[in-house]
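Every chain is numbered from 1 and lettered A, B, ... according to where its sequence line falls, protein lines coming before strand lines. All values derive from a computational prediction rather than experimental measurement.
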Amino acid sequence: MSQISLTFPDGNSRDYPAGVTAAEVAESIAPSLAKRAISANLDGRHIDLAWPITESGAIAINTMKDEAPALELIRHDFAHVMARAVQALWPDTKVTIGPVRDHGWFYDFDRAEPFTPEDLGAIEAEMKKIIAARDPVRTEVWDRARAIAHYTAANEPFKLELIDRIPDGQDLRMYWHGDWQDLCRGPHLQNTGQLPADAFKLTHLAGAYWLGDATRPMLQRIYGVAFRNRDDLKAHLTMLEEAAKRDHRKLGREMELFHFQEEAPGMVFWHPNGWTIYRELESYMRRRLIAAGYKEIKTPQVVDRVLWERSGHWEAYRENMFIVEVDEEGAKEKRVNALKPMNCPCHVQVYNHGLKSYRDLPLRLAEFGSCHRYESSGSMHGLMRVRGFVQDDAHIFCTEDQIEAECAKFLQLLSSVYADLGFDIFDIKLSTRPDVRVGADEIWDKAESALEKAILNVRNDFEVDPGEGAFYGPKLDFKLTDAIGREWQCGTFQVDFNLPDRLGAEYVGEDGAKHRPVMLHRAILGSFERFIGILIENYAGKLPLWLAPRQVVVASIVSDADDYVHQVVATLRAAGLRAEADTRNEKINYKVREHSVAKVPVILAIGMKEVENQSVSIRRLDSQGSQTLSLEEAKNTLATEATPPDLR
RNA sequence: GCCGGUUUAGCUCAGCAGGUAGAGCAGCUGAUUUGUAAUCAGAAGGUCACGGGUUCGAUUCCUGUAACCGGCACCA
């Protein structure tokens with residue numbers, strides 16, 4: 001038998017007979033390592049301990065201490081154990097796929113009866129039995145015919161379809177967890193007893209299309225989470241509770257920011273507090289855009305279908321547009337309009353008015369464009385996905401040569417805006433030309449490299465998503481990371497060679513001839529509604545002072561202080577602060593608690609001491625104590641703090 | 001749109017093997033003048049999401065619709 005040479009992480013290497021398993025390699029290093037071993041990495045590939053190694057390479061033995069491989073194995077084996085438990089409880093259930101995902105796994109099943117939330121407990125109990133049995137896990141390589149014969153006999157049509165999709169010549173591997181078997185690429189643990197029976201939980205049930213395809217049957221998906229130990233699971237569940245507390249829908253109700261109701265699903269009813277945040281954010285964006293050389297415009301809400309036909313939207317998105325039909329006087333047919341689902345065609349109309357010269361470019365037209373899209377009922381989610389929303393939209397009309405500079409300027413503006421709003425971390429994704437596209441390859445080359453160069457001016461890490469660009473041009477997408485690590489795609493920068501052509505945009509060049517401008521679609525916040533939702537969740541409702549809808553409550557301790565309370569409120573208001581008086585006949589404890597729960601950032605408590613000294617006792621949200629300042633001092637401090645970041 | 005779930009007072013939630021409902025908080029009224037996260041008392045508050053059916057009788061059972069929640073699909 002031939003020899004192979006395996007190199008260890010410390011740089012040493014040793015020879016083994018070909019076909020040696022990682023378990024044997026671990027044993028040869030130290031029996032204690034063999035006991036703790038769970039899997040191995042061979043040239044970066046994650047393999048089973050029992051897998052025969054036939055070629056030389058670099059090997060590392062994994063134990064439960066190696067977080068990434070340990071979690072992958074645990075979650076993957078849990079998926080199998082859960083599927084086994086489900087088939088044990090309901091033998092008529094068909095199995096499909098069960099990948100590792102996020103903090104756990106899911107497995108999709110096909111069964112006539114729906115699973116109920118109560119079933120989850122029964123499944124968990126069955127899983128614990130399987131773990132306690134410590135059944136060995138073993139694997140075999142099967143040829144296609146044998147696998148097909150097996151799953152035909154077992155009446156598992158989804159598995160048969162999976163086999164069909166695996167390329168010819170690829171090994172099919174079969175895993176057994178005890179007497180339950182599943183087609184799987186592995187790797188897996190050595191026995192089910194290695195699973196932490198106290199560190200998993202089945203979390204929820206959901207429907208999911210087979211292979212993610214809406215035309216295929218809907219399966220029943222069961223989600224679970226699993227960790228290496230009970231403490232990690234508990235920490236995860238606590239984190240979920242914390243995230244639920246930040247839910248902008250809950251905070252929106254508690255802080256009286258907005259509401260939704262049946263008669264206008266997906267449309268926001270902004271209340272005074274919420275609208276204050278909105279206006280503050282809008283004013284901020286307006287100042288930033290004007291300072292960055294944009295001109296603000298406003299275009300119609302209701303636009304005849306012919307414009308959407310010309311732009312191409314009617315054909316592609318008719319189903320998602322709100323249609324307004326009008327009986328015009330004397331007309332035989334109703335006139336068909338659409339509520340605008342986006343602003344770009346209207347912006348081209350503004351551009352097209354009057355002859356443009358190359359000297360006018362780049363022309364940056366911005367609009368807080370109110371748009372309506374008929375989103376499917378199941379996709380709406382609080383402020384995050386709505387049917388009526390406002391974009392911080394702008395279109396830059398420029399020459400091809402100006403793309404790079406405009407992109408660089410935009411990146412600068414975007415990162416500065418995100419930093420001002422509390423988001424210092426964001427990721428960039430570059431989506432390049434798709435198979436189906438318009439425009440010559442040379443122009444795509446130019447646009448893609450311009451975008452890439454522009455990013456590299458700002459930072460050196462970005463993700464490339466080949467083929468995911470829009471049909472009209474490549475694009476950049478920006479994902480920011482919030483306080484609890486979630487990512488939100490907000491900004492976008494898209495190069496468009498198509499729409500200027502379809503809508504006949506032109507400029508007169510230096511050469512006196514007419515040329516097509518390039519159009520850059522760009523947004524930083526995306527939609528105000530969604531971005532405010534993100535802000536609320538990021539700050540858990542405790543917005544920075546300049547964005548807080550209610551900035552200061554001046555609360556009396558005794559009613560003899562009421563006159564001075566009103567004087568303090570008037571002083572603060574004159575300094576531009578959103579201040580209100582609370583002179584109700586309640587204890588200061590009660591007032592402090594109520595305004596703290598309402599997330600008012602500053603409470604000024606006023607008793608007779610303050611009246612006498614013309615001072616205030618200032619109490620910040622979440623701080624224990626209070627501090628006494630003169631009224632003048634408090635006014636100046638708060639006014640400075642409440643200044644929007646771009647005006648400081 | 002699809003699968004599953006939910007819908008009871010302003011909010012959070014009980015309840016009903018079918019006999020038209022209950023709590024806490026909020027709100028209202030009164031007392032209390034209070035020093036940094038809930039003062040006490042009283043009265044009041046509901047077409048049990050909406051429509052149809054079964055029944056002597058439906059908030060409860062069946063059925064349809066809508067909205068919402070968790071996912072899936074979609075997201076110009």
Side-chain angles (χ1 to χ4, degrees), chain A residues 106 108 110 113-119 203-223 244 247 249-250 253-254 256 259-266 308 311-321 340-345 371 373-382 384-387 389 391 470-472 475 489 492 494 496 498-499 521 526-527 530 555-562 583-598 600 603-610 617-628:
Chain A
F106 63 77
D108 289 347
D110 182 50
E113 283 285 297
F115 293 114
T116 67
E118 292 73 49
D119 291 340
T203 52
H204 54 281
L205 290 164
Y209 295 110
W210 170 232
L211 300 173
D213 182 342
T215 65
R216 306 299 304 272
M218 178 146 288
L219 307 171
Q220 299 188 63
R221 176 170 296 180
I222 303 178
Y223 285 91
D247 191 312
R249 293 166 299 188
K250 180 177 143 71
R253 199 167 39 239
E254 289 171 0
E256 297 181 81
H259 86 268
F260 290 94
Q261 67 186 50
E262 271 191 46
E263 291 81 355
W308 306 113
S311 71
H313 291 101
W314 189 266
E315 199 185 350
Y317 296 103
R318 162 71 187 83
E319 292 298 304
N320 295 303
M321 287 160 86
K340 75 173 164 188
M342 56 189 329
N343 308 299
C344 21
C371 296
R373 296 180 184 173
Y374 186 80
E375 301 286 0
S376 65
S377 57
S379 67
M380 289 184 294
H381 179 92
M384 301 304 190
R385 184 94 175 259
V386 287
R387 286 181 176 160
F389 57 95
Q391 296 175 316
F471 68 92
Y472 48 73
K475 61 173 181 173
Q489 188 179 311
T492 187
Q494 307 175 359
D496 183 356
N498 181 47
L499 209 55
H521 307 243
S527 101
R530 180 160 176 274
S556 58
I557 296 170
V558 292
S559 49
D560 284 345
D562 287 0
T583 52
R584 290 174 305 169
N585 179 9
E586 295 290 351
K587 289 191 166 185
I588 192 65
N589 286 314
Y590 180 89
K591 296 183 184 182
V592 165
R593 178 184 149 78
E594 190 179 87
H595 300 306
S596 299
V597 167
V600 175
I603 298 169
L604 301 184
I606 307 293
M608 290 320 285
K609 252 191 293 180
E610 286 72 21
S617 167
I618 178 166
R619 186 192 206 281
R620 308 252 178 190
L621 185 56
D622 283 340
S623 76
Q624 312 293 343
S626 59
Q627 189 191 359
T628 303

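- With a cut-off of 3.5 Å on both Watson-Crick or G-U wobble distances, the partner of B:C11 is given as B:G24.
- The residue A:His595 sits apart from the nucleic acid: no heavy atom pair falls under 4.0 Å.
- Comparing B:C28 with B:A43, their C1' atoms sit 9 Å apart, to the nearest whole Å.
- Note on A:Ile557: a base of the nucleic acid sits closer than 4.0 angstrom, heavy atoms only.
- The base of B:G71 is not paired with the side chain of A:Tyr209 by any donor and acceptor separated by under 3.5 Å.
- A:Tyr472 comes within 4.0 angstrom of sugar-phosphate atoms only, judged by non-hydrogen atoms across all strands, and of no base.
- Residue-level contact check: A:Arg385 touches the bases, meaning some heavy atom is under 4.0 Å from a base atom.
- Contacts of A:Gly212 with the nucleic acid, taken as non-hydrogen atoms under 4.0 Å apart, involve only primed sugar atoms and P, OP1 or OP2.
- By the stacking rule of 5.5 Å between ring centres and under 30° between planes, A:Tyr317 stacks on the base of B:A76.
- A:Cys371 and A:Met342 make their closest contact through SG-CA, 3.6 Å (heavy atoms, listed as atom of the first residue, atom of the second, distance).
- Neither OP1 nor OP2 of B:A76 sits under 4.0 Å from any side-chain N or O of A:Arg318.
- Among the atoms of the strands shown, only primed sugar atoms or phosphate atoms (P, OP1, OP2) are found under 4.0 Å from some heavy atom of A:Pro114.
- Judged by Watson-Crick or G-U wobble contacts below 3.5 Å, the nucleotide B:U6 has B:A67 as its partner.
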